[in-house]
Amino acid sequence: MAVFTGAPRLEEIAEGVHAFLQPDGGWCLNNAGLVVDGGTALLIDTAATEARTGRLRELVAGTAPQLPRLLVNTHSHGDHTFGNHLFPEAVVVAAERTRQEAVRTGLHLTTLWPDVDWGAVEPAAPQITFAEELTLHVGEQEVRLRAFGPAHSSCDTVAWLPERQVLFAGDLVMNGVTPFVLTGSVGGLRDAVARLRTLGAVTVVPGHGPVGGPELLETTERYLVWLLDVAEAGLAGGAATRAAAPAPPHRALAA
């Protein structure tokens with residue numbers, strides 16, 4: 001896999017569909033998305049800090065005919081939601097369980113890394129919620145939201161654009177980053193990814209790391225199956241089994 005480097009940027013990955021990418025995809029360096037059609041726009045997730053969301057806003061303003069009136073949160077974690085309030089024009093949409101978790105946790109993430117320059121972030125919980133599925137229309141484009149969970153978190157939403165065959169997978173899928181279930185379920189994440197494979201996506205935007213194709217789903221699923229097998233073998237043998245991967249330093253957030 002090519003090294004994922006460079007400044008945060010907005011890349012068009014299909015007609016009217018853009019991915020906001022933040023190398024190197026490590027802790028809190030998440031991806032987001034922008035869908036533009038018919039003079040309207042939809043944003044998928046924001047970023048962790050005021051500065052990074054400010055850059056996202058600049059790029060969106062330079063690309064879309066008007067700032068998004070709808071903002072979808074794929075899950076509650078702060079790297080995807082702390083910038084919600086910096087798009088005051090937008091109504092925030094999420095699964096009901098995602099809203100519940102967001103309200104419950106608030107800005108807790110900032111207490112884990114108090115030395116990060118978070119800026120003026122503040123909670124902005126979703127205003128419109130749904131149970132399992134919801135279809136949004138951006139011009140002529142259908143954006144189908146589907147909730148899963150517990151998986152990566154207590155509830156994760158993907159945004160599927162069937163006409164463009166683009167899947168914004170949120171943190172159900174990561175590329176070049178070890179999958180983890182901070183507030184979710186390994187088995188639930190495995191099952192969610194297996195179901196995503198049935199969509200037939202050509203382009204997959206992971207929650208972290210570079211954009212790829214359906215191989216990202218396959219790689220994630222294989223890893224989770226392996227992880228469960230290792231855990232089962234460890235339990236059967238009466239031994240504690242642990243697998244870990246080093247994480248990039250969080251100080252990159254300050255950039």
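All values below were derived from every heavy atom in this structure, side-chain atoms included, with hydrogens, water molecules and symmetry-related copies excluded.
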Regarding [X] and [Y], is there a side-chain donor-to-acceptor distance under 3.5 Å anywhere?
| X | Y | answer |
| --- | --- | --- |
| H80 | D171 | yes |
| D156 | S153 | yes |
| N31 | Q22 | no |

Taking [atom1] in [X] as the centre, count heavy atoms belonging to other residues, nucleotides or ligands within less than 6.0 Å. Is the count above 12?
| X | atom1 | answer |
| --- | --- | --- |
| E215 | CD | yes |
| E15 | CD | no |
| E142 | CD | yes |
| Q66 | CD | yes |
| R69 | CZ | no |

Closest heavy-atom contact between [X] and [Y]?
| X | Y | answer |
| --- | --- | --- |
| A48 | W118 | O-CE3, 3.5 Å |
| L227 | V186 | CD2-CG1, 4.1 Å |
| T98 | T74 | OG1-O, 4.5 Å |
| V3 | T5 | CG1-CG2, 3.1 Å |

What verdict does the side chain to side chain donor-acceptor pair (under 3.5 Å) test give for H137 and D37, after you've listed the backbone C-alpha separation in whole Å, the side-chain angles of each residue and the deciding distance to 0.1 Å?
CA-CA 9 Å; H137 297 270; D37 192 78; over 6 Å; no

If you define the side chain from C-beta out and look only at heavy atoms, does anything of L107 sit under 4.5 Å from F82?
yes

Do W160 and V143 come within less than 4.5 Å of each other through their side chains, counting heavy atoms only?
no

Under 6.0 Å between ring centres, would you say that holds for F180 and W27?
yes

Could you tell me the separation between the CG atom of L71 and the CD atom of Q127, rounded to the nearest 0.5 Å?
9.0 Å

Tell me if a side-chain donor or acceptor on N73 pairs with a main-chain N or O of H75 at a distance below 3.5 Å.
no

Report yes or no: is the cationic atom of R57 (NZ for Lys, CZ for Arg) closer than 6.0 Å to the six-membered ring centre of F87, at no more than 45° off its axis?
yes

Ionic contact status for R190 with E221, cut-off 4.0 Å:
no

Among H152, E101, R104, which residue satisfies the side chain to side chain donor-acceptor pair (under 3.5 Å) criterion with T183?
E101

